[in-house]
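Everything below concerns the one structure shown next.
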Number of protein chains: 2
Amino acid sequence: MDVRTLCLGVLYQGEASGYEIKKAFEEGAFSHFQDASFGSIYPALGRLSSEGLVDCTQMAQEKRPDKKVYKLTDKGNDALITSILVPPSPDKYASDFFFVLYFAELLPIPQVALLLDQRITFYKNTIERMSECDLSTIPEGRQLCHGLGMTVYQSSLDYLEKHKDSFLNKLKIPSQNTPFTNSNRHAS
Amino acid sequence: MDVRTLCLGVLYQGEASGYEIKKAFEEGAFSHFQDASFGSIYPALGRLSSEGLVDCTQMAQEKRPDKKVYKLTDKGNDALITSILVPPSPDKYASDFFFVLYFAELLPIPQVALLLDQRITFYKNTIERMSECDLSTIPEGRQLCHGLGMTVYQSSLDYLEKHKDSFLNKLKIPSQNTPFTNSNRHAS
DNA sequence: TCAGCATATATCAACCCGATATATGTAATT
DNA sequence: AATTACATATATCGGGTTGATATATGCTGA
């Protein structure tokens with residue numbers, strides 16, 4: 001999904017400045033499945049504005065830079081709907097955590113233990129943050145996103161907590177039972 | 001993780017050409033949590049080669065373009081280990097599926113049903129593909145990646161299958177109980 | 001007092017994706 | 001037999017994106 005559509009999505013929920021849109025990707029609901037940087041948000045808002053998909057109101061502020069507040073137009077609303085009617089392209093997932101874990105055999109065991117502990121902490125913090133969300137007041141789609149996301153985080157946390165210790169123990173014993181051959185090089 | 005390190009990771013498992021490295025990101029284990037395009041793999045291999053982290057052997061092939069087979073050097077092995085010692089940066093996840101689902105209220109219900117069905121099919125296919133992997137012969141780290149990944153896919157599948165029907169039913173009734181106010185605009 | 005953080009916009013080099021070009025063999029379809 | 005589609009194999013490039021940085025100011029806690 002291009003950044004222009006992402007901005008339309010954020011603005012659908014209410015007018016916002018570029019800075020506030022960025023925050024929606026960092027702290028809001030979108031933070032779990034989308035992201036965009038200032039370097040793409042500001043040009044996107046410029047283009048959306050020139051194409052009439054958003055309205056821009058310059059808000060003079062005392063002792064602060066001018067705040068440009070963007071608001072979705074009817075045309076912008078239509079553009080958002082058109083975009084989400086297109087069959088979604090596959091998820092893109094990039095995880096350094098998984099990459100490092102994949103090569104755990106190359107690391108000192110305390111380093112691996114730290115890796116897992118920090119991941120567990122991350123899951124716990126994320127779940128707690130999401131638990132604070134009041135589900136009763138948000139639309140159905142958002143509720144399902146929330147529920148599915150929670151499920152993923154919770155099951156990941158459960159799995160890691162359940163297998164962490166036995167995994168670290170197995171790493172202590174230089175693996176006799178895992179001969180590494182070319183036949184399983186790129187296994188799924 | 002930059003593409004150069006990703007290439008080192010693939011080559012750690014055995015020598016490969018640029019084309020084969022790309023396949024590792026498309027069909028292999030890495031496909032679930034990393035990706036790279038030809039446009040970044042080939043330049044990366046060139047740089048790795050000039051820096052002495054990989055060796056390149058030109059393989060003349062009959063009736064095919066020359067195949068350049070890259071092999072990790074000791075220096076490249078060290079570089080891989082150095083890279084995975086760095087604390088991993090946060091996951092990057094971009095999902096158009098979640099974005100569209102988030103705005104389900106804007107879509108016709110059959111379209112939402114299709115979205116969920118295709119997602120369910122995706123999870124089923126992925127789980128089946130991963131089930132074919134012989135776990136007994138791969139190192140511990142890879143086994144934990146596999147187990148954690150399976151857990152995520154399986155719990156997502158279970159959740160969607162459990163909530164799909166009631167969700168679609170709720171969409172049919174124009175929501176009286178979900179007043180949309182500014183107070184829950186960017187909720188987590 | 002002073003570092004650090006929040007607000008607010010903007011730019012830019014480095015990097016990366018997705019599409020495209022090139023060349024050929026094999027398999028399936030018509 | 002002809003054609004289409006797919007697989008092998010490398011390479012380039014426009015355009016989009018990231019992450020860092022610059023600029024300017026107020027607030028807050030050590």
Side-chain angles (χ1 to χ4, degrees), chain A residues 1-7 10 15-28 30-31 34-51 54 56-70 83 86 88-96 99 186, chain B residues 1-7 10 15-28 30-31 34-51 54 56-70 83 86 88-94 96 186:
Chain A
M1 200 70 76
D2 57 54
V3 178
R4 286 182 24 254
T5 306
L6 295 183
C7 288
V10 176
E15 54 179 41
S17 65
Y19 187 79
E20 286 163 345
I21 290 173
K22 174 67 175 155
K23 276 209 297 185
F25 293 124
E26 264 169 5
E27 299 163 23
F30 287 113
S31 66
Q34 293 291 348
D35 197 13
S37 66
F38 286 126
S40 57
I41 290 171
Y42 285 119
L45 288 172
R47 264 189 70 183
L48 288 171
S49 195
S50 71
E51 289 167 4
V54 300
C56 177
T57 313
Q58 200 107 11
M59 309 277 272
Q61 292 192 120
E62 283 170 26
K63 313 273 185 165
R64 283 217 186 281
D66 278 6
K67 190 173 175 175
K68 291 182 190 169
V69 177
Y70 295 89
S83 290
V86 176
S89 53
D91 292 7
K92 284 164 211 161
Y93 182 51
S95 173
D96 286 4
F99 186 80
H186 297 146
Chain B
M1 202 69 76
D2 57 54
V3 177
R4 288 186 17 255
T5 306
L6 295 182
C7 289
V10 176
E15 54 180 43
S17 64
Y19 188 79
E20 286 162 345
I21 290 173
K22 173 69 175 155
K23 276 209 299 187
F25 292 122
E26 264 169 7
E27 299 163 23
F30 288 111
S31 66
Q34 293 290 349
D35 196 13
S37 67
F38 286 127
S40 57
I41 291 171
Y42 284 118
L45 288 172
R47 263 188 72 181
L48 288 171
S49 195
S50 70
E51 289 167 3
V54 300
C56 176
T57 314
Q58 199 108 11
M59 309 278 273
Q61 291 191 121
E62 283 170 26
K63 312 273 187 169
R64 284 219 185 279
D66 278 5
K67 190 176 176 174
K68 291 183 189 168
V69 177
Y70 294 88
S83 291
V86 176
S89 54
D91 292 8
K92 285 165 212 163
Y93 182 50
D96 286 4
H186 298 146

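Below, read A as the first sequence line, B as the second, and so on, with proteins coming before strands; counting in each chain starts at 1.
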Quick one: [X] [atom1] to [N] [atom2], roughly how many Å, whole number?
| X | N | atom1 | atom2 | result |
| --- | --- | --- | --- | --- |
| A/D2 | C/dC16 | CG | P | 21 Å |
| B/E20 | D/dT8 | CD | P | 9 Å |
| B/Y42 | C/dC16 | OH | C1' | 16 Å |
| B/Y19 | C/dT22 | OH | C1' | 14 Å |
| B/R4 | C/dC15 | CZ | P | 8 Å |

Would you call A/T57 and A/Y70 a side-chain contact if the rule is heavy atoms closer than 4.5 Å?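 With C-beta onward as the side chain, the pair stays apart.
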
On DNA chain D, does the nearest nucleotide to B/V69 precede the nearest nucleotide to A/S37 from the 5' side, or the other way round? Give the residue.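 First, find each residue's nearest nucleotide; the 5'-ward one identifies B/V69.
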
By nearest heavy atom, map B/S40 and B/G18 onto DNA chain D; which one lands nearer the 5' end?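 By nearest-heavy-atom nucleotide position, the 5'-most residue is B/G18.
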
Verify the contact: side-chain N or O of [X] to OP1 or OP2 of [N], cut-off strictly under 4.0 Å; return yes or no.
| X | N | result |
| --- | --- | --- |
| A/K68 | C/dA10 | yes |
| A/K67 | D/dA24 | no |
| A/S17 | C/dT7 | no |

Got a salt bridge between A/K67 and A/E20, using NZ or NE/NH1/NH2 to carboxylate O under 4.0 Å?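 Between A/E20 and A/K67 there is a salt bridge, with a charged N closer than 4.0 Å to a carboxylate O.
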
Take B/F38 and A/P43, find for each the nucleotide of DNA chain C with the closest heavy atom, and name the residue whose nucleotide sits nearer the 5' end.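 Residue closer to the 5' terminus by nearest nucleotide: A/P43.
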
At under 4.0 Å between heavy atoms, what does A/G39 touch on the DNA or RNA strands: base, sugar-phosphate, or nothing?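 Base contact.
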
Under 4.0 angstrom, heavy atoms only, what part of the nucleic acid is A/K22 near: base, sugar-phosphate, or nothing?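 Nothing, no nucleic acid heavy atom in range.
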
Minimum heavy-atom separation for A/A94 and B/Q34, please, with both atom names.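 Minimum heavy-atom contact is CB-OE1, 4.1 Å.
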
